[in-house]
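This report refers to the structure that appears directly beneath it.
Residue numbers begin at 1 in each chain, while the letters A, B, ... track the order of the sequences. Scope of the values below: all heavy atoms of this structure, side chains included, with no hydrogens, waters or symmetry mates.
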Number of protein chains: 2
Amino acid sequence: MSTVGKALSLLDSLSQMNNEAGLTDIARLCDLDKATARRLLVELEKHGFVEQDLETRKYRIGAAPVRLARIREARYPFLRIAIPFVRELAEKSEETVHLAEFSGGTLSTIHVEDSPRAHRVIVEIGTRLPFHATASGLAYLAFSGKKQIEAALSQPLEAFTENTVTDPAAVRKMIDETIVRGFSISSQGLEVGVVSTGAAILSPTGQPVGSITIAAPLARARPATLASFGAAVADTAKRISEKYYGPERPSGTKTQTKRTG
Amino acid sequence: MSTVGKALSLLDSLSQMNNEAGLTDIARLCDLDKATARRLLVELEKHGFVEQDLETRKYRIGAAPVRLARIREARYPFLRIAIPFVRELAEKSEETVHLAEFSGGTLSTIHVEDSPRAHRVIVEIGTRLPFHATASGLAYLAFSGKKQIEAALSQPLEAFTENTVTDPAAVRKMIDETIVRGFSISSQGLEVGVVSTGAAILSPTGQPVGSITIAAPLARARPATLASFGAAVADTAKRISEKYYGPERPSGTKTQTKRTG
DNA sequence: ACATCTGGTTCATATATTGAACCGATGCTT
DNA sequence: AAGCATCGGTTCAATATATGAACCAGATGT
């Protein structure tokens with residue numbers, strides 16, 4: 001793997017480590033030598049992508065991504081457009097709703113609106129959403145090309161709970177059902193006691209760019225409720241797409257982007 | 001320079017190129033071979049840091065930084081805390097106010113609130129703010145260590161306008177005045193017809209982490225106005241710092257970060 | 001039809017990356 | 001308090017990786 005690949009993977013790992021970690025931990029998690037990890041960290045630090053706390057000597061994500069993100073959002077305001085819809089859906093459903101975006105081969109949460117209820121599902125920003133084990137992932141795959149599905153299902157499917165579907169054929173069936181229904185369902189695929197319904201947000205070319213998902217405690221997930229949630233996420237996903245790619249941003253209407261997953 | 005350094009510099013350059021550029025332009029601007037630039041871009045793309053438009057073949061900043069930025073903001077909500085103050089100052093002053101953050105050796109704009117007036121200063125998000133030529137930069141330097149000032153003034157100081165102060169001794173004097181006044185003034189240092197007053201946002205250790213600046217058209221920049229703007233930015237900067245590092249986030253109170261400038 | 005741009009690729013050469021062993025400091029255990 | 005196990009960080013010979021001039025093929029403009 002190229003050095004910059006390692007550096008970017010390191011950054012990615014760091015972002016999933018309680019956002020603060022020591023050199024040894026980082027090296028172990030990224031499967032790098034301590035010396036290598038350090039050189040990469042120093043380099044990333046020079047450019048503001050990581051920061052080191054001088055007291056604890058731990059490393060964390062730096063401020064540089066904030067700048068880049070602001071620049072991107074200024075031109076491709078995915079969050080600005082989508083967040084109001086996520087909020088609306090959270091209010092309407094009274095459950096936690098989260099928004100995910102595909103980038104760098106994985107789907108990750110980029111925004112969460114919490115359920116107003118006391119008993120609710122907590123989703124962390126930055127969480128990776130495995131394709132086979134989450135409603136977000138299934139919805140995403142359902143609208144991806146065959147190649148992408150193939151790629152996602154050809155690697156070993158981790159079991160996160162006892163309910164995680166790890167048989168590729170069974171996952172494929174869930175994807176087919178998602179296509180028919182227009183939304184996906186994942187029951188306790190990633191977390192016990194959580195049922196999610198998700199829908200893909202599509203670009204005008206039909207490529208999925210992300211997903212929106214309602215995550216509810218199992219206790220409240222009655223079939224009729226799930227069906228109404230499903231219809232709501234599917235509708236919301238469509239409205240986000242229309243607003244994001246709509247006439248307000250004609251320049252972006254036809255852009256499509258390479259796949260990297 | 002290390003390969004990852006080159007990749008990150010490339011990313012940085014790309015962020016300042018109307019956010020969309022072709023391979024040849026990128027290679028030229030980053031002073032890299034076309035082949036090298038391409039390999040770096042491909043690698044960055046794999047991880048979602050850049051995207052290539054399949055129609056135009058141009059490259060732009062990808063979605064990965066958005067994810068990282070969200071993670072950082074969830075823990076270090078600099079923008080969330082600071083933006084309301086920036087907005088308030090923009091309303092009060094009726095001028096364009098921008099917020100900058102130091103990272104990766106440079107100070108860059110991360111948020112802008114426009115003046116409500118028709119004749120106003122436009123500041124782009126992501127703009128680099130040279131230390132010697134901007135109120136933001138001078139304010140930042142004024143509260144930096146001697147080493148940092150030394151480093152900033154030892155390299156050639158570019159003249160952006162006929163008014164840019166490029167004599168290190170003169171800049172040093174401006175810095176001293178800033179310390180006495182509590183805020184900085186830069187008259188047409190970066191852009192003709194623009195006068196700015198800025199103040200540094202300090203961490204509890206006294207280290208500057210960013211700056212807040214009012215940018216006004218020269219026509220409205222009367223001495224008395226500048227003085228009141230100066231007092232206002234200095235006050236606002238202090239309030240941002242207090243809120244950001246205050247009792248609400250005790251864990252961050254004592255953190256300090258290495259300098260990389 | 002020609003010239004000159006693109007974006008993208010190749011492969012021998014040169015250069016940057018690697019990692020086991022090492023250091024000094026800190027903290028835990030006996 | 002002595003010993004042990006960490007930690008973050010460094011060194012340097014061995015090695016894998018990055019580099020770039022020359023090269024396509026296609027698009028655009030003259």
Assess, by modelled atom type and distance only, whether the side chains of B:Thr164 and B:Thr166 contain a donor and an acceptor separated by less than 3.5 Å.
no

Report task. Check every strand shown and say whether A:Lys58 touches a base, only sugar-phosphate, or nothing at a heavy-atom separation below 4.0 Å. Result -> nothing

For B:Gln52 and B:Arg57, the nearest pair of non-hydrogen atoms, with its separation, is NE2-O, 3.1 Å

Atom CZ of B:Arg39 and atom C1' of D:dA16 are separated, to the nearest Å, by 13 Å

Donor-acceptor contacts under 3.5 Å from residues 25-32 of chain A side chains, at least two apart:
residue, atom, partner, partner atom, Å
A:Asp25, OD1, A:Arg28, NH2, 2.4

Among the nucleotides C:dG8, C:dT18, D:dT11, whichever has the atom closest to the side chain of A:Lys6 is C:dT18

Heavy-atom nearest pair, A:Ile81 first then A:Ile240, reads CG2-O, 4.1 Å

Give a yes/no on whether any side-chain N or O of B:Arg57 is located under 4.0 angstrom from OP1 or OP2 of C:dG7.
-> no

All heavy atoms of A:Gln188 vs all of A:Val192, minimum pair found to be OE1-CG1, 3.6 Å

Hits for ring pair (Phe, Tyr, Trp, His ring centres under 6.0 Å) against B:His132, two or more places apart or cross-chain, chain-then-number order -> B:Phe160

The side-chain contact (heavy atoms from CB on, under 4.5 Å) partners of B:Asp176 (sequence neighbours excluded) come to B:Ile179

Heavy atoms of A:Leu153 and A:Pro168 approach each other most closely as CD1-O, 3.9 Å

B:Leu40 atom CG is separated from D:dT19 atom P, nearest whole Å, by 6 Å

Show me the protein contacts with nucleotides 26-30 of chain D, counting only N or O atoms at under 3.5 Å.
none

Here the residues of residues 27-34 of chain A within 4.0 Å heavy-atom distance, strictly under, of DNA chain C are A:Asp33

Terminal axes of the helix from C:dA1-D:dT30 to C:dT30-D:dA1 (5 end pairs apiece), angle rounded to 10 degrees, sit apart by 40°

### Task
State whether a side-chain donor-acceptor pair under 3.5 Å links B:Ser103 with A:Arg67.
no

Among the nucleotides D:dT10, D:dA18, D:dG20, whichever has the atom closest to the side chain of A:Arg38 is D:dT10

When you check the phosphate oxygens OP1 and OP2 of D:dC7, does a side-chain N or O of A:Tyr59 lie under 4.0 Å from one of them? no

Phosphate contact (D:dT6 OP1 or OP2) by A:Thr24 side-chain N/O below 4.0 Å
no

When every non-hydrogen atom of A:Arg128 is compared with those of A:Pro130, the smallest separation belongs to O-CD, 3.3 Å

